[in-house]
Every structure is written in C-alpha cells, then in structure tokens.
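See below for the structure under consideration.
Everything numeric in this text was worked out from a predicted model, so none of it was measured. First the proteins, then the strands, lettered A, B, ... as listed; each starts at 1.
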Number of protein chains: 2
Amino acid sequence: MDAFNDTEGHAPSRMRITISDRAAGLRTRGHVYAALRDAIVTAEFEPGQRLSETDLAERLGVSRTPVREALVRLRDDRLVEIVPQLGTYVTRISHAAVGDAQFVRESLECAAVRLAAQKASAEDIEALHAILQRQVEAHQANDVARFYVFDDELHRSLCDLSAHGIAWSLSQRASGHLNRIRRLSMTLPAYIDEMIDEHHTVVGAVARKKASEAEKALRKHLQMVLSFLPDIQRSHPQYFES
Amino acid sequence: MDAFNDTEGHAPSRMRITISDRAAGLRTRGHVYAALRDAIVTAEFEPGQRLSETDLAERLGVSRTPVREALVRLRDDRLVEIVPQLGTYVTRISHAAVGDAQFVRESLECAAVRLAAQKASAEDIEALHAILQRQVEAHQANDVARFYVFDDELHRSLCDLSAHGIAWSLSQRASGHLNRIRRLSMTLPAYIDEMIDEHHTVVGAVARKKASEAEKALRKHLQMVLSFLPDIQRSHPQYFES
DNA sequence: TCGCGAATACTTGTATGCAAGCATGTTCGG
DNA sequence: CCGAACATGCTTGCATACAAGTATTCGCGA
C-alpha cells in the first residue's frame, strides 16, 4: 500500500533536496524517487531528455546508489528508459503508453467506485462532499494546483472507500504518462466547470448507492483527460514520439 | 511492458544461477529478480522466512547490488518486507493482500477480456483453442506444472488480444499472494475439470463476441482460486498472518 | 543461580571504486 | 582537403567498503 505513498509527495515540487532535509529524515530513497518522478511528471525533466546518474546524484546531494534504485522504479513506471552503457532517457509520451494508462485507470477506479457505492456510509458521503466543496473553492480562487490536489484526493477517497486502496496506488503508479498530460494541460482550464459537474455526478451516484451510474459517470469523467491530448500534442510535439 | 517480462521465467524454477549463466548473459538483474520471485511464489522461501542480502548474494553468485534492486521490486510486489537495520522478510499471506490481488486481477483481466471479445479475429480464436487443447493434454498427462503454464498462457493471450498487454503484466505483478496460494494448491487438483470447463466457457464467449458473457465467465473463473484459500490456510496455517 | 551490562555479530543504507562499452572528437594518413 | 582510425571521456552495471543501528549472547557480579 505504501509502496507508492512515497511518490505522491504534495511537496512544493522542488527537486533540489536541501542538506538539512537529508540530515533530518533518513528516508533519502523515497525522497529521491518522489523528487525525480515529480520532476518528470511536471516536465521539469522534458520527455526525451537525457539523465545522468552522476549528475542527478550531485544535484540531489546523494550518491549514485539511491538514484539508481529510483531510476529502476521509474523504469517500471515507464517514465524513463535505461540503455546500458549509453544513458538514461525520459520517455517521450506515446499514444500506446497513454492508452495503457487510461485502460488501467479506468479498470481499477471504475471497479473501485462500484464497491464504494455499495459500501459508503453517510459519513463517507459527507467527506466526499467536503472535498468537492474545497475543490470548488480552489477553482473560485483560481488556484489550479490546489484544484488538482483535491482532484487526486477525491479519486483516492473513492478508491479507499472500496476497501482496496491499492486501486489508487496502482492507478497512480501506472498513470505517469497520463499525469504528464494532465500537468501540461493545467494551462488549459477550459473544461474545469465540466470536471466539477462530473465530480458531482459521480459523488451523487455514490451517495444514492447507484453503482452502475457511478461507474458510468466516472468512466466518462476519466476519459475527458484524453480530450486534452490533441491540444498538448499540438503545443508540445517534441514531447511525443514518432 | 517488458517491465515484468523479466520475472515470469518459465525457467526450471532453480534459484542457483550458474557461473556460466552469469558470464554469458549480462542481464544478471533480471535473473536475480526472477529467481527470487520464483523462490517466494513456490514457497521455497517460506512466508515469514528471514532473508539476508549477503546470503542471497553469495548463493546467487552475485554482489549485493543486484540483489538489493530485486528486493526493492519485490517490496513493491508486497512479497517481501524490508525493515531497515533489521532484516528482510518474506511476507506472510494476508487476507487483505489476497483480496487486493484478486480485486486487481479481476478488474484488469475482466476489462481486457471485454475488449478481447470485441477485437478477436478468427485466427486469434484458433490460437486460444490451441492453448486449451494443449492444456487438456497436460491434464491427461497428469502434468500439473504444464497445466498451469498453459493456464498462464491462456490468460496472457486474452489480455494481449485486448491490445493492452499491460493488463497481464500488472495483474501478474500484483498477484504474488494469489500465485502463492495457487502454487500451494497444486497438490489439490480437485477442481481441474471445472477449471477446464470454465476456460472453454470463456473462450467460447470470446469466439461468439459476447463481451459481457466472457467477462462474467472469467470473473467466476478467477474467483475459484479463492476457494483454495481455506484449504491452504488449514494445511499451512503458519504461512498466514494473524 | 539469576540478572544485568557490554561487546559482538549480524542487518540494511549509503558511498565509492572498478570494469565494460558506446559516442564523439581529434589526429594522422592518403 | 577529405576520410578513417584511434584515443578520450562519458555512460551504466557490478562489486566492495564504510556507516548506523539492533538483537543476541557471553561474561561478570551479586
């Protein structure tokens, strides 16, 4: 469960880890993985960019060993490609990888929301509405970053309610390519109102314990991310492969 | 995609890697991960057993570095628990982990089989039937190991037909606890006839392009593994936690 | 004989050194 | 002037050494 918890740092998205951080907490490995993943997902490390273990180790103030372990995990996430004796590269966004991530996310989260609709208690529904409310406030404050924080929190809560929190862990772990698109599209907040509507639809269906309705609404909602793809590919063609 | 390909060695399940293997292929890392995972899933390394990086490195004829990387991946698989400055332990089988694995497998494979039913060509169906045939022959020859090899092959083929081979990769990656139960139950071949029947039902539904039927049949089939759980827990109570 | 303390032998986490291989730049030859 | 071969500097893969911490065990004292 906490296999992925390390990675979703809501941290201020800074990649340079201060010496004090290292001295204080000794969980350097988790920090390195989180920092690198965040840097890749936010496109601070651009798709296609070449990474150097030595360089990363220096910039992070650690040795190559924890950097290597983090890169191996990121390879499992399909976010980097390690070519022996040649180099490590940030993967370019591919339609196949995006499609796979979308498939995994739909499969797991839709299955989870069905269970959530069956199991959710009144307090659970209350908590979901609270998250929705805070997300609306973030939108009104024009705070896009916070908006997406609560977006994640809502989806995670839905998975947790299914009693299979692993759905969210695996979904996030597999959604590296999708999240890159999502982050890149943060400058295109055209559909935000629509997203909020869809969130209300999903939570409403869960509250009324309509599993199939909730699944259908969530699936439609998840597929909206894909609508960003053409725009992103147009504005950042060098980030995509072939 | 090949992130997990390393691990599913149909290899003769031997854990000691010969020197020649090491000198010849330089993919020691994949070998180490595959060997350790196989040893855990086959209960050669028993649940609860303490592992030592140094010991494993000696037995495998490599250094601690590739062993460590393999153990980190196995930690993501929830097959080992690494306690800093204390030791690395093979996780005991827990109902929660089994339930999570079952949830993931059902979600991904059932979603995949729906797509498979829609996309499968005549040749694809033919290939599926061929696998079924060979599995029946393995059963008639009383070769339980081969039976399970073709079982995996069938499930993998169904996922591949969905054009999302990642479904099988992630499913297997997440099914460590389930596979341990399956391996332990290889001495209880009571339901094998039933399994074959269910396989035919699934493939038949796919052939007739009945997505919902295929999904329903596959779900029922997947849930049968859980019926092994009480027996296994009775015969190996020390493998389970709490 | 029992109890407590200190030393020891382990563990993992990290850092560093060495080996093998590829790419590029430079230099020498035609 | 152009081309090819060689040397250099980079990369990752692996091995090893050091550091920090814990459990156990052995020895000593009451």
Closest listed nucleotide, where the reference is the side chain of [X] and the choices are [options]:
X       : options                : answer
B:Thr54 : C:dA15, C:dT11, C:dG13 : C:dT11
A:Ile82 : D:dT16, D:dG13, C:dG13 : D:dG13
A:Pro66 : C:dG13, D:dG13, C:dA15 : C:dA15
A:Leu86 : C:dT12, C:dC22, D:dT12 : C:dC22

Expressed as a whole number of angstroms, how long is the span from [X]:[atom1] to [N]:[atom2]?
X       : N      : atom1 : atom2 : value
A:Asp55 : D:dG9  : CG    : P     : 19 Å
A:Leu60 : C:dA15 : CG    : P     : 11 Å
B:Gln85 : D:dA20 : CD    : P     : 10 Å
B:Glu53 : C:dT14 : CD    : P     : 11 Å
B:Leu56 : D:dA15 : CG    : C1'   : 16 Å
B:Glu69 : C:dT12 : CD    : P     : 15 Å
A:Arg68 : D:dA15 : CZ    : P     : 11 Å

*asked:* On DNA chain D, compare the nucleotides closest to A:Thr65 and A:Leu71; which residue's is nearer the 5' end?
replied: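 Counting from the 5' end, the first nearest nucleotide belongs to A:Leu71.
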
Per-helix bend value, the helix from C:dT1-D:dA30 to C:dG30-D:dC1, C1' rotation axes over five pairs per end, 10° rounding, shows 30°

So, is [X] near the phosphate of [N], with a side-chain N or O under 4.0 Å from OP1 or OP2?
X       : N      : result
A:Arg64 : C:dT16 : no
A:Ser52 : D:dT11 : yes
B:Thr88 : C:dT12 : yes

| said: Can you see whether A:Tyr33 has A:Arg73 sitting over its ring - NZ or CZ less than 6.0 Å from the centre and within 45° of the normal? | reply: yes

Is it true that [X] and [Y] make a salt bridge, defined as a side-chain N closer than 4.0 Å to a carboxylate O?
X        : Y        : value
B:Glu81  : B:Arg75  : no
A:Asp76  : B:Arg173 : yes
A:Arg234 : A:Asp231 : yes
A:Arg50  : A:Asp55  : no

Query raised in the report: What does A:Arg50 touch in the nucleic acid at a heavy-atom separation under 4.0 angstrom: a base, only the sugar-phosphate, or nothing?
Result: sugar-phosphate

Sugar-phosphate only, base, or nothing, as touched by A:Leu51 at under 4.0 Å among non-hydrogen atoms: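 Sugar-phosphate, no base atom in range.
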
Q | A:His177-A:His95 side chain donor-acceptor pair, cut-off 3.5 Å | A | no

*Without hydrogens or angle criteria, can the side chains of B:Asp160 and B:Ser157 be said to hold a donor-acceptor pair below 3.5 Å?*
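Side chains of B:Asp160 and B:Ser157: no pair found under 3.5 Å.
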
